[in-house]
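First comes the structure, then the notes that go with it.
In the text below, chain A, chain B and the rest are named by the order of the sequence lines, each starting its count at 1.
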Amino acid sequence: MSAYDFAELESRWQTDWEAEGLYRSRVDWSRPKHYALTMLPYPSGDLHIGHWYAMTPSDTRARYMRMKGYNVLFPIGFDAFGLPAENAAVQRNIHPAKWTHSNMERMRTQLRSMGAMFDWERQAVSCEPSYYQWTEWFFARMFEHGIAYRGEAMVNWSPTLQTVLANEQVIDGRDERTGQPVIQKLMEQWFFSITKYADELLSFDDIDWPDPIKSMQTNWIGRSEGARVRFATETGSEIEVFTTRPDTLWGASFMVLAPEHVLVDELTSPAQRAAVDAYRIAAAARSELERMEEDRDKTGVFTGGYAINPVNGVRIPVWIADYVLVSYGTGAIMAVPAHDHRDFEFARAFDLPVVPVIIPQGSEPLVADDMVDGYVGPGIMTDSGPLNGVETTEAKGRKNPSVSAAIDWIESNGCGVEAINYRLRDWLISRQRYWGSPIPIIHRQDGTVEAVPDDQLPVVLPEDVVFEGRSPLVNDDAFLSVLDSDGKPARRETDTLDTFMCSSWYWFRYLSPDFDDAPFDPEEAAYWLPVDVYTGGAEHAVMHLLYSRFFVKVMRDMGLFADTEVAMRAHGRSADDAFDEPFRVLRNQGQVLGAEHAGDVVAVEGRRDGNRIIASLVTVVTGATSPQGVVVGEIMRRTENLLQVMVDGDLISVEVPDDAEVVIPSIAGTNDVSQLRHHLEVERMSKSKGNVVNPDELVDAYGADTVRTYLMFAFEWQKGGPWDGRGILGAHRFLEDVWKIAHLAYQPGDVDDEATAALRRAVHQTIDKVDGDLADFKWNTAIAALMGLRNVMLDANKTSVVSAGAWAEAVEVMVKLLAPIAPHVTEELWRNRLGKTGSIHVQPFPESDPSVAKDVQVTMVVQVNGKVRDRIEVPADISPEDAEATALASPRIGERVGDLTVRKVIVRQPNLVNIVAN
RNA sequence: GCCGGGAUGGCGGAAUUGGUAGACGCGAUGGACUCAAAAUCCAUUGUCUGUAUAGACGUGCGGGUUCAAGUCCCGCUCCCGGUACCA
């Protein structure tokens, strides 16, 4: 037997497959198509184990579908624009294009080492002009159709760098690199009106997506029904609010505006001016995420202005507070503290009136002074003029009688209208950066804007630029100066497009990456679209996937599939519903994290309280020693001010109060809790998320097939987990065993029919198991089943009593079942050991024979009062009567039941009988 | 904070969706082979009860439903992902 030389055979087959064009995918209307898509990778530098974890199972699924008879398209490309390239430019003085291209060059080689069935001739790269020409073209279409528009949005502004920062570049309100403060600032930018599609995006009727994803998108869109109500101010303006509870309008006792609301200046009285201005500056220093944290103490300032409650004419004060966001609703709320938690907290904090207007069901009317929280339950309306006596339930919108009555009253009295509000905001697509697709817009001298004509696309990024922090486009005169459609001097737009836009249409470009007349070739699209299976990380649950859905719907409505539909009909395929959703089936994998490292070690001094320590001194230590009175341990987890510290195998909670002394040797000066928190978090992220595991080394040591097999075997795919390098030997041994089994010169002795049937049963049961598991994306159990078959075959070889025919069938089936998982070794065995012609990867997937697979004997469990007391081998087709009789006849059961009275016997033949006796 | 997911032996994970908890693998222990080691092969391996064809306990914590709960219900704890300019 030759040795399993994985290195030699893997590179040989990769070369041969490419020469044979085995993975070229071509339109073939005589065969059913399958478009398998794996999420577009970002060219971060080196392929890491996470890429393997995402892509090799997708490849296995694509190969499985191919063996199931489909013509499969499985393309690959790069999401090549983005922030990291610019960071590299700033930090290491490498041009983003150069950095990106060398990364892609490297990653292509690494991707090829996976042995995936990528069709490289369909590669799409988002930073190449041939690609972003069409990204720009889509923007131009959106602009034409009124989907793209100018608006204002908050940005992280660094006054020091005079530039906009990404959220991840801002830590604790400061620029992560320079440590200088960052403020929130309104800026004019481009948007796509995705909210126009909010309702359609809430429907998932025709797609097979995981429920959690659908639920997250639904919550993200956040549709709520209610009313828009106008409050007149004493300065003569109107404040419009959206409320889901118009029925509680009579209890509105003050209003709160977002600090950035346009009316704040007008409403602010001279006496309050200083306080309001100070508060607005403070609010600008806080991120939106911080502002939404509900358990924060409520802060706010009275503007000095008043509004009139339109339903009862009551004069109510107008405040500003940062818990109201400009980006949600109208940026203003009416506060009904008696019936809303946050408003109640705010009212109590600032001693504002609380006016109950609901009598809780089955209870006495509320007394404002006695309330400890807003009441949000059902009841009867009171002190609400025309609504008095109306029932209020816990239903939302019109389904709640009081809300419905209130909307009718408001509309007929002209103070508001029924309205639907979405939490979803329009998609901000402007980026004040260089390394992205330019927005093809020209700013004319008269202040209007126009799109760059299609025949002048793409607007190409200038290459000769210098990086200092701000986007070099802003200062690039050659780029900036342009003539408008009237031939007058004009200025180019300098914002570039959000990279999410590049990744919102890439699967169309794969269809025909060299097509010059349109983003995609309708002939290809008519066959391949839509994507049948999309796999990728759950971290994209909302944004990327929602944007992609939006994009397709917009394309459909702009008529961009008209030619494709014609081509489909020409081939007799219905175009109905083909372009409402981009991805028919979606499945998510988890993340493989770097190997778990020892955490930071801290020494803690403090007071012990049960299993918890209230710290007075926390020191981050390197060389851990344990002097008297000090607990030294490795930090396992940290949340807020609570550290979980492992000390001699026990987890101890350490609470770090704000006044505790904190010593972090690597940070000079006095340290505090937030620094401790921040420091430990950074340490943890760089350790646990860093690409500690290098797949290239694993491929060198064990081969790509082993790495693939191990990744699919060792984790629950949807969940992922920390990498553990030890287990890979198990996967490698398995492939070596398969190699060995296929090379055995099997010679039966005296053939035993029962043993032969048992082997065949195992083989056919394994077919069913692997078939079902691969269909369901359950790689680990599919491989476990194949390992089980391996064990059965090694035993069968030892006894050598199964027929030669059954053995040969088993070998062939095992190799075929394994082919989608370990493509190289199975191809080698198929063609060079089993002597077959043609690739194993185009063979039909084995089919099981139910009559062979059927069990003849099974273990029946007999329980007494739910506890297992005996196990009996019985025929698989045992009748319920026989099952019960067999169970009761068992001496061990007789002993157990003894003098007890049998009350009931539950029979689930052939697996279980439960005898209830007392 | 909010939204979504998760927690099962020393470790990764299985469990036909209410019916044998721990498949498969790693690791560990003992043995075979070897001068020795590696590799390989054989055996054992949830915990406890001194023995084991026995019993009790056991799926993050506290309750509940059921003949039967890892699975369903109620209440918690902790971890992971997302939170709109990381991709």
Side-chain angles (χ1 to χ4, degrees), chain A residues 39-42 44 79 81-84 87 153 155-156 164-170 189 210-220 222 288-296 323 327 423-433 498-500 503 537-544 546-547 588 590-591 593 636-637 639 642 644 651 653 710 713-716 718-731 733-734 736 769 772 778 780-781 783-788 790-791 859-868 871 892 903-906 908 911-917:
Chain A
M39 281 183 186
L40 188 65
Y42 180 79
S44 49
D79 185 16
F81 277 135
L83 191 61
N87 286 340
V155 294
N156 301 310
V164 177
L165 298 176
N167 289 340
E168 70 158 14
Q169 294 174 309
V170 182
Q189 313 192 62
D211 287 334
I213 304 282
K214 293 193 273 191
S215 158
M216 277 189 271
Q217 292 201 355
T218 302
N219 292 330
W220 181 267
E288 204 163 87
L289 200 62
E290 289 175 307
R291 287 172 55 167
M292 283 189 298
E293 284 177 6
E294 241 168 46
D295 61 348
R296 264 178 64 222
Y323 78 96
S327 52
R423 203 190 74 99
L424 177 72
R425 311 200 292 251
D426 276 344
W427 179 6
L428 171 67
I429 47 159
S430 278
R431 295 293 181 271
Q432 291 71 39
R433 302 194 203 295
D498 180 5
T499 54
F500 272 126
S503 57
E539 67 271 22
H540 293 293
V542 175
M543 302 183 67
H544 163 60
L546 198 64
Y547 294 150
N588 295 115
Q591 283 186 325
L593 307 172
M636 304 306 287
R637 289 167 184 158
T639 21
L642 198 66
Q644 300 264 319
L651 267 187
S653 297
Y710 179 55
F713 176 68
F715 301 90
E716 188 187 345
Q718 284 84 348
K719 204 169 119 198
W723 172 263
D724 174 4
R726 287 180 305 184
I728 197 166
L729 274 173
R733 281 177 201 142
F734 167 59
E736 283 186 322
K769 178 72 179 152
K778 289 158 79 175
N780 55 347
T781 47
I783 293 167
L786 285 166
M787 287 174 166
R790 173 262 318 253
N791 294 341
T859 306
M860 182 173 79
V861 166
V862 185
Q863 299 179 332
V864 177
N865 292 329
K867 290 197 187 254
V868 179
R871 292 182 163 87
R892 299 197 45 203
R903 302 287 173 191
K904 202 172 176 185
V905 179
I906 289 140
R908 293 283 178 276
N911 297 105
L912 177 133
V913 173
N914 187 12
I915 297 159
V916 185

Please work out which of the three classes, parallel, tilted or perpendicular, describes the rings of A:His544 and A:Phe500, given edges at 30° and 60°. parallel
Can a donor-acceptor pair be found, under 3.5 Å and without considering hydrogens, that links the side chain of A:Asn156 to the backbone of A:Leu165? yes
Of the candidate nucleotides B:C67, B:G81, B:A87, which contains the atom at the shortest distance from the side chain of A:Val916? B:C67
Polar side-chain atom of A:Asn911 near backbone of A:Val861 as donor-acceptor pair, under 3.5 Å: no
Would you mind classifying the nucleic acid contact of A:Trp427 as base, sugar-phosphate or nothing, using non-hydrogen atoms under 4.0 angstrom? nothing
Check A:Pro210 against A:Asn588 and note the closest heavy-atom contact, atom names and distance. CG-OD1, 3.7 Å
Determine the minimum heavy-atom distance between A:Met860 and A:Leu912, stating which atoms define it. CG-N, 4.1 Å
Would you tabulate the nitrogen or oxygen pairs shorter than 3.5 Å linking the protein to nucleotides 42-44 of chain B?
from	atom 1	to	atom 2	distance (Å)
B:C42	OP1	A:Lys798	NZ	2.7

Round to a whole Å and report the spacing from CG of A:Asn167 to P of B:G82. 13 Å
Heavy atoms only, 4.0 Å cut-off, all strands: where does A:Val164 land among base, sugar-phosphate and nothing? base
Between A:Lys769 and A:Ala785, what is the shortest heavy-atom contact and its length? CG-CB, 3.5 Å
By the 4.0 Å heavy-atom rule, please label A:Gln189 as base, sugar-phosphate, or nothing. base
If we only count heavy atoms from C-beta on, is the A:Trp220 to A:Leu424 side-chain gap below 4.5 Å? yes
B:G82 P sits how many Å from A:Phe500 CZ, rounded? 10 Å
Go through B:A84, B:G55, B:C86 for me and flag the one nearest to the A:Leu83 side chain. B:C86
Looking only at atom C1', what distance separates B:U17 and B:A68, rounded to whole Å? 15 Å
What are the two closest heavy atoms between A:Ile783 and A:Phe713, and how far apart are they? CG2-CD1, 3.6 Å
Atom CG of A:Asn156 to atom P of B:A84: distance rounded to whole Å? 9 Å
What's the gap between B:C26 and B:U45 when it is taken at their C1' atoms, as a whole Å value? 13 Å
Euclidean distance for C1', B:C76 against B:G27 (whole angstrom): 34 Å
A:Trp220 CH2 to B:G81 P: how many Å, rounded? 16 Å
For a quick check of understanding: with a heavy-atom distance under 4.0 Å over all strands, which category does A:Phe734 fall into, base, sugar-phosphate or nothing? nothing
Would you mind classifying the nucleic acid contact of A:Ser430 as base, sugar-phosphate or nothing, using non-hydrogen atoms under 4.0 angstrom? base
Presence of A:Arg423 side-chain N/O under 4.0 Å of B:C3 phosphate oxygens OP1/OP2: no
So if I define the base as every atom that isn't primed, P, OP1 or OP2, how would nucleotides 16-28 of chain B read as a B/S/- string at a heavy-atom cutoff under 4.0 Å? ---BBS-BBSSS-
For the residue pair A:Asn219 and A:Arg423, what are the closest heavy atoms and their distance? O-NE, 3.5 Å
Taken to the nearest whole Å, CE/A:Met543 to C1'/B:G81 is 14 Å
Suppose you measure atom P in B:U71 against the same atom in B:G9; what distance do you get, rounded to whole Å? 14 Å
Checking all strands, does A:Val155 fall into the base, sugar-phosphate, or nothing category for heavy-atom contacts under 4.0 angstrom? base
Could you give the distance from OG1 (A:Thr781) to CD (A:Glu716), rounded to the nearest 0.5 Å? 10.0 Å
Hey, does the side chain of A:Lys719 come within less than 4.0 Å of B:A14's phosphate (OP1/OP2), counting only N and O? no
Checking all strands, does A:Gly537 fall into the base, sugar-phosphate, or nothing category for heavy-atom contacts under 4.0 angstrom? nothing
Check: A:Trp427 and A:Asp498 side chains under 4.5 Å, non-hydrogen atoms: yes
Which sits closer to the 5' end of RNA chain B, A:Phe715 or A:Ser215, going by the nucleotide each is nearest to? A:Ser215
Phosphate-side-chain proximity, A:Asn865 and B:A68, N/O vs OP1/OP2 below 4.0 Å: no
Roughly how many Å is it from CG in A:Asn588 to C1' in B:G81, rounded to a whole number? 11 Å
Paired runs of 3 or more consecutive Watson-Crick or G-U pairs involving RNA chain B, with both pairing distances under 3.5 Å, are B:1-7 with B:77-83, B:10-12 with B:24-26, B:27-32 with B:40-45, B:46-49 with B:54-57, B:60-64 with B:72-76
Considering only the C1' atoms, how many Å lie between B:U47 and B:A21, rounded to the nearest integer? 14 Å
For a quick check of understanding: with a heavy-atom distance under 4.0 Å over all strands, which category does A:Gln432 fall into, base, sugar-phosphate or nothing? base
When you compare B:C73 with B:G55, how far apart are their C1' atoms, in angstrom units rounded to a whole number? 32 Å
Which whole number of Å gives the distance between the C1' atom of B:A14 and that of B:C24? 7 Å
Give me syn or anti for B:G9, where syn covers glycosidic angles within 90 degrees of 0. syn
Pairwise C1' distance, B:C41 and B:C33 [rounded to whole Å]: 8 Å
Base of B:U17 relative to its sugar, syn (within 90° of 0) or anti? syn
Quick one, A:Gln169 and A:Leu83 - any side-chain contact, counting heavy atoms below 4.5 Å? yes
In whole angstrom, what separates A:Glu539's CD from B:G4's C1'? 13 Å
I want to verify a distance call: between B:G5, B:C3, B:A7, whose nearest atom is closest to the A:Pro212 side chain? B:G5
Can you identify which nucleotide, out of B:C57, B:C86, B:A84, has its nearest atom closest to the A:Glu168 side chain? B:C86
Figure out the NE2/P separation between A:His540 and B:A87, and round it to whole Å. 10 Å
Flag the pair A:Thr499 / A:Arg431 as yes when at least one side-chain heavy-atom distance between them is below 4.5 Å, and no otherwise. no
Let me confirm one number: the CD-CD distance from A:Gln591 to A:Glu539, rounded to the nearest 0.5 Å. 4.5 Å
Are any side-chain N or O atoms of A:Gln217 and backbone N or O atoms of A:Ala541, one a donor and one an acceptor, separated by less than 3.5 Å? yes
What nucleic acid atoms does A:Leu428 come within less than 4.0 Å of, heavy atoms only: base, sugar-phosphate, or nothing? base
A:Met216 side chain: which of B:G5, B:G6, B:G81 is closest? B:G81
